Asker: 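First the structure, then my questions, so here it is.
Owing to the predicted nature of the structure, the values given are computational and were not obtained by experimental measurement. Per chain, numbering begins at 1; letters A, B, ... match sequence-line order.
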Amino acid sequence: MPELPEVETIRRGLEPVLVGQRIQRVEQRRADLRFPFPENFGKRLTNRTVVSLQRRAKYMLAHLDDGTVLIIHLGMSGRISIVGQGQLGQFTHNQGNRDTHDHVVLRLASGTEIVYNDPRRFGLMDLTTAAALGTHPLLASIGIEPLGPGLTPEYLARQAAGRRSDLKSFLLDQRIIAGLGNIYVCEALFRTRLKPSRAAACLATATGKPNARAAALIPHIKDVLNDAIAAGGSTIKDYTQADGSLGYFQHSFHVYGRAGEPCLTPACRGMVRRTVQAGRSTFFCPVCQR
DNA sequence: ATTGAGTCCTGAAGGC
DNA sequence: TGCCTTCAGGACTCAA
């Protein structure tokens with residue numbers, strides 16, 4: 001389920017358990033995920049201490065004490081569990097009891113295990129260094145953070161001007177905004193009352209300047225992401241998951257997954273519709289999104 | 001340079 | 001119960 005808010009929620013849940021800890025043992029249970037693991041993957045992590053855990057787009061970046069950076073992407077189905085002593089001190093489930101899709105287990109000096117599980121294996125892990133992070137092939141050409149200061153009406157308009165793609169594909173393009181996924185693009189466009197099939201160029205004037213649509217879209221993108229992070233954060237805080245899984249919280253979406261159901265805009269009589277754009281499901285209200 | 005289609009992989013859900 | 005099809009929160013690679 002991971003989009004940016006899920007990754008950020010997982011990062012926040014993992015941070016207090018992982019940062020400052022020495023990785024005592026690495027259990028790598030297969031040779032590849034989406035890509036092969038780098039050479040000596042386990043060896044390079046073993047006995048290293050995690051100094052910080054950051055997020056860039058949908059990537060988690062664990063900085064280690066020797067300058068190594070562990071890059072983790074969860075793909076479509078990646079999940080991370082904290083097994084052992086949870087944040088409230090209770091043991092959550094038996095260690096050593098591995099699932100078929102538990103691909104990597106990091107055993108920490110504290111005795112806690114960080115378990116990476118990914119049935120579809122669209123996720124990945126790689127190693128680089130802090131110095132080389134900016135030129136890493138996966139990170140070098142991705143766009144701005146949607147929650148960062150770079151997302152401005154001017155930026156959106158500059159990127160959108162002259163494009164022939166539709167709004168939905170434009171916002172999903174990680175080279176423009178890095179971290180928006182299918183759900184939150186649908187939700188942000190709903191909040192902005194913009195039809196996903198509209199041309200991306202509708203965010204700019206003829207001279208490439210931002211217009212009212214670009215200005216309106218930005219706070220909706222930020223709000224929908226921040227709302228989801230806030231919802232996830234409370235779940236982590238309460239630590240309600242019996243198995244220690246992170247990022248399983250429920251969201252209430254306005255359009256995503258609601259095809260055939262009534263639009264939630266007050267007084268709107270529309271029905272949420274599902275279409276396909278760029279091979280991905282799009283959900284929108286044809287009445288109030290124009 | 002952009003854009004769209006195909007691709008990786010497993011599991012859940014729904015139809016018959 | 002079982003077999004089949006469709007769909008899934010991502011994003012790389014390649015062809016046009």
Asker: Take the protein atom OH of A/Y256 and the nucleotide atom C1' of C/dA8, then report the distance between them rounded to whole Å.
Answerer: 7 Å
Asker: Please test A/S197 against A/D166 for side-chain hydrogen bond (donor to acceptor under 3.5 Å, both in side chains), starting from the C-alpha separation and ending with a verdict.
Answerer: CA-CA 5 Å; A/S197 58; A/D166 54 50; over 6 Å; no
Asker: Rounded to whole Å, how long is the line connecting atom OH of A/Y184 with atom C1' of C/dG10?
Answerer: 15 Å
Asker: Could you check how far CD1 of A/I142 sits from C1' of C/dA11, rounded to whole Å?
Answerer: 11 Å
Asker: Nearest to the side chain of A/R274 - C/dA11, C/dC7, C/dG9?
Answerer: C/dC7
Asker: With heavy atoms under 4.0 Å as the rule, sort A/F170 into base, sugar-phosphate or nothing.
Answerer: nothing
Asker: Does A/R120 make a side-chain donor-acceptor contact with the base of B/dC9, cut-off 3.5 Å?
Answerer: yes
Asker: Given the rule in the side-chain hydrogen bond (donor to acceptor under 3.5 Å, both in side chains) test, do A/H63 and A/Q54 qualify, once you have shown the distances and angles that lead to the verdict?
Answerer: CA-CA 8 Å; A/H63 290 253; A/Q54 302 179 323; 2.9 Å; yes
Asker: Under 4.0 angstrom, heavy atoms only, what part of the nucleic acid is A/G279 near: base, sugar-phosphate, or nothing?
Answerer: nothing
Asker: What is the separation between atom CD on A/Q159 and atom P on B/dT2, rounded to the nearest whole Å?
Answerer: 9 Å
Asker: Any base atoms under 4.0 Å from A/R34, or only sugar-phosphate, or nothing? Heavy atoms, all strands.
Answerer: base
Asker: When all nucleic acid strands are considered with a 4.0 Å heavy-atom cut-off, which category describes A/R175: base, sugar-phosphate, or nothing?
Answerer: base
Asker: Between A/R280 (CZ) and B/dG6 (P), how many Å, whole number?
Answerer: 16 Å
Asker: What are the two closest non-hydrogen atoms of A/N47 and A/R22, and how far apart are they?
Answerer: OD1-NH1, 2.9 Å
Asker: Roughly how far apart, to the nearest Å, are B/dA1 and C/dA11 at atom P?
Answerer: 24 Å
Asker: Atom CZ of A/R79 to atom P of C/dA8: distance rounded to whole Å?
Answerer: 16 Å
Asker: Output the single nucleotide from B/dT10, C/dG9, C/dG10 whose closest atom is nearest the side chain of A/H73.
Answerer: C/dG10
Asker: In a table with atom names and distances, give each donor-acceptor pair under 3.5 Å that connects a side chain of residues 210-225 of chain A to protein atoms at least two apart or in another chain.
Answerer:
residue	atom	partner	partner atom	Å
A/N211	OD1	A/R213	N	3.0
A/N211	OD1	A/A214	N	3.1
A/N211	ND2	A/C202	O	2.8
A/R213	NH1	A/C202	O	2.7
A/H220	NE2	A/R191	O	3.3
A/K222	NZ	A/P146	O	3.1
A/K222	NZ	A/G148	O	2.9

Asker: Which ring-ring contact (aromatic ring centres under 6.0 Å, His included) pairs, counting each pair once, include a residue from residues 259-290 of chain A, with sequence neighbours left out?
Answerer: A/Y256-A/F283
Asker: Taking the C1' atom of each, how far is C/dC4 from B/dC8, in whole Å?
Answerer: 22 Å
Asker: Looking only at the side chain of A/N182 (C-beta and beyond, no hydrogens), which of the listed nucleotides B/dT10, C/dG10, B/dT3 gets closest?
Answerer: C/dG10
Asker: My understanding is that only residues two or more places apart in sequence, or in another chain, count here; which of them pass ring-ring contact (aromatic ring centres under 6.0 Å, His included) with A/H254?
Answerer: A/F190
Asker: For A/R163 and B/dG4, give me the distance from atom CZ to atom P, rounded to whole Å.
Answerer: 11 Å
Asker: Pair up each side-chain donor or acceptor in residues 152-161 of chain A with any protein partner under 3.5 Å, not counting sequence neighbours, and list the distances.
Answerer:
residue	atom	partner	partner atom	Å
A/T152	OG1	A/Y155	N	3.1
A/Y155	OH	A/I176	O	2.8

Asker: How does DNA chain B look in dot-bracket form if you count Watson-Crick and G-U pairs under 3.5 Å, write [ ] for pairs that cross, and put | where a base pairs with another strand?
Answerer: .|||||||.|||||||
Asker: Of the options C/dC12, C/dA8, B/dC9, whose atoms approach the side-chain atoms of A/F122 most closely?
Answerer: B/dC9
Asker: Atom CZ of A/R164 and atom P of C/dA16: how far apart are they, to the nearest Å?
Answerer: 18 Å
Asker: Which one, B/dG4, B/dT10, C/dG10, comes nearest to the side chain of A/P119?
Answerer: B/dT10
Asker: Would you please name every residue forming a ring-ring contact (aromatic ring centres under 6.0 Å, His included) with A/F41, sequence neighbours left out?
Answerer: A/F37
Asker: Closest nucleotide of DNA chain B for A/A278 versus for A/H101: which of these residues is on the 5' side?
Answerer: A/A278
